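No experiment lies behind these values; they were computed from the predicted model shown.
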Amino acid sequence: MKKFIVIGVFSILAIIILYSYITVSNGPIDPLGRLSFVKIENPDMYPDHPHSILLAEYAEDRGSNCALVVHFAGSSNYRSYPQKLNDTDSNKTVYIIEAAFIDTQGVGSANLSQINKTDSLKLALFGVPKNRYKYVSDGKVYNSYDALMAHVYTLAKEHGQKGPIPMVWHGSVRSDNPNINPGCGLPLYFQILTNTYGMVPAYVYVVYGLIFPYINNPYRNFELSNASNLQKLYNEGELNYDFVNISSNTDKNRLINTTNNITQNITKNLPNYE
């Protein structure tokens, strides 16, 4: 009897996974998963940052001209930009489209102890209520999901996109354990999947997306083993490219140089993407 129950459970899981795979394979978005665990430098989605290059390589591997990265909205205007591939023999670029969500009823980019778990469970079970989120991309606030995605698809078309757009959520964590906290951007990632493919494929591809960086991110060991130090430096502003809190131009230049040296010391042992 137990044998038949186990076979039945695995058969149901196989059907769910196969259904999700077929559904997503025929859609406009290719969900990859989580991009990073912690910030290596700040800002970290801009041309030639390791995570930016990594996302461009993910897109190139899939024959895509564009990639979409989603965030929880902070102080950035989430400008989209071209990222040159990490290949000295090629001038090809991948266009990185950035988008973020503003939770009008949430507590912001909170740590796990501050998250309303009942509210999060409702969102996971029933999806995001209409008009709860606002969105930011390329310096503009969008009041509806449809308006945001129209902007995303327009950008992709303008930059020669053919086929589904690879999508990641940013994934960086400011203070919690990045193995436990899924990081920045997951709610918008989940919303895009539920609106595009339905709840069941969304669940399957979120689980897949949580596993994705452990297999594919070449910086995973560096990020996880240095997570506490990197989070501390980020929260103190010392990972910032423009960390400036002084008036003198001389001191300003000195501080920028010092900050860049800190960044270089942290990142000098990063593995190359292959």
Quick one: does [X]'s side chain have a donor or acceptor within less than 3.5 Å of a partner on [Y]'s backbone?
{"X": "Asn235", "Y": "Arg174", "result": "yes"}
{"X": "Gln191", "Y": "Thr194", "result": "no"}
{"X": "Asp103", "Y": "Gln105", "result": "yes"}
{"X": "Glu223", "Y": "Val38", "result": "yes"}
{"X": "Trp169", "Y": "Gly209", "result": "no"}
{"X": "Arg34", "Y": "Gly171", "result": "yes"}
{"X": "Asn65", "Y": "Gly160", "result": "yes"}

Out of curiosity, does [Y] fall in the hydrophobic cluster containing [X] (side-chain heavy atoms, cut-off under 4.5 Å, transitive links)?
{"X": "Val204", "Y": "Met199", "answer": "yes"}
{"X": "Leu55", "Y": "Tyr95", "answer": "yes"}
{"X": "Tyr21", "Y": "Ile192", "answer": "yes"}
{"X": "Tyr145", "Y": "Ile29", "answer": "yes"}
{"X": "Leu210", "Y": "Ile17", "answer": "no"}

What pair of heavy atoms forms the shortest contact from [X] to [Y], and how long is it?
{"X": "Pro164", "Y": "Ser64", "value": "O-OG, 4.2 Å"}
{"X": "Leu193", "Y": "Tyr205", "value": "CD1-CB, 3.9 Å"}
{"X": "Tyr133", "Y": "Pro187", "value": "OH-CB, 3.4 Å"}
{"X": "Val173", "Y": "Gln231", "value": "O-NE2, 3.0 Å"}
{"X": "Asp48", "Y": "Ile53", "value": "O-CD1, 3.6 Å"}
{"X": "Ala56", "Y": "Ile96", "value": "N-CD1, 4.3 Å"}

Which value, rounded to the nearest 0.5 Å, describes the distance between [X] atom [atom1] and [Y] atom [atom2]?
{"X": "Leu35", "Y": "Tyr189", "atom1": "CG", "atom2": "OH", "result": "11.0 Å"}
{"X": "Leu148", "Y": "Leu188", "atom1": "CG", "atom2": "CG", "result": "6.5 Å"}
{"X": "Cys66", "Y": "Ile165", "atom1": "SG", "atom2": "CD1", "result": "6.5 Å"}
{"X": "Phe190", "Y": "Asn195", "atom1": "CZ", "atom2": "CG", "result": "10.0 Å"}
{"X": "Tyr203", "Y": "Ile16", "atom1": "OH", "atom2": "CD1", "result": "11.5 Å"}
{"X": "Ile211", "Y": "Asn216", "atom1": "CD1", "atom2": "CG", "result": "11.0 Å"}

Hydrophobic side-chain clustering at under 4.5 Å (ILVMFWY, transitive links): who's grouped with Leu224? Put none if nobody.
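Reading the cluster by chain and number, Leu224 sits alongside Phe37, Tyr214.
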
Do Tyr46 and Glu41 have a side chain donor and acceptor closer than 3.5 Å?
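There is such a pair between these side chains.
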
Under a 3.5 Å cutoff, is there a donor and acceptor pairing between the side chains of Ser172 and Tyr234?
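No, no side-chain donor-acceptor pair sits under 3.5 Å.
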
Hey, are the side chains of [X] and [Y] touching, using non-hydrogen atoms and a 4.5 Å cut-off?
{"X": "Asn226", "Y": "Tyr219", "result": "no"}
{"X": "Val200", "Y": "Thr23", "result": "no"}
{"X": "Arg62", "Y": "Leu32", "result": "yes"}

Going by side chain to side chain donor-acceptor pair (under 3.5 Å), name the residues that satisfy it together with His71, two or more places apart in sequence or in a different chain.
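For His71, the residues satisfying side chain to side chain donor-acceptor pair (under 3.5 Å) (neighbours in sequence not counted) are Glu98, His170.
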
Worked check of side chain to side chain contact (heavy atoms under 4.5 Å, CB included) between Lys84 and Thr93:
CA-CA 4 Å; Lys84 187 177 183 299; Thr93 62; 4.3 Å; yes

Please work out which of the three classes, parallel, tilted or perpendicular, describes the rings of Phe72 and Phe101, given edges at 30° and 60°.
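Phe101 and Phe72: perpendicular rings.
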
Should the ring pair His51 and His49 be called parallel, tilted or perpendicular, given that the plane angle runs from 0 to 90° and is split at 30 and 60?
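Aromatic pair His51/His49 classed tilted.
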
Using the test side chain to side chain contact (heavy atoms under 4.5 Å, CB included), find all partners of Asn77 that sit at least two apart in sequence or belong to another chain.
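Arg79.
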
When you look at Leu13 and Val9, which way does the side chain to side chain contact (heavy atoms under 4.5 Å, CB included) test go after all the steps?
CA-CA 6 Å; Leu13 288 174; Val9 169; 4.2 Å; yes

For Tyr81 and Ser52, run side chain to side chain contact (heavy atoms under 4.5 Å, CB included): C-alpha distance rounded to whole Å, both residues' side-chain angles, the deciding distance at 0.1 Å, then the answer.
CA-CA 10 Å; Tyr81 60 90; Ser52 179; 2.8 Å; yes

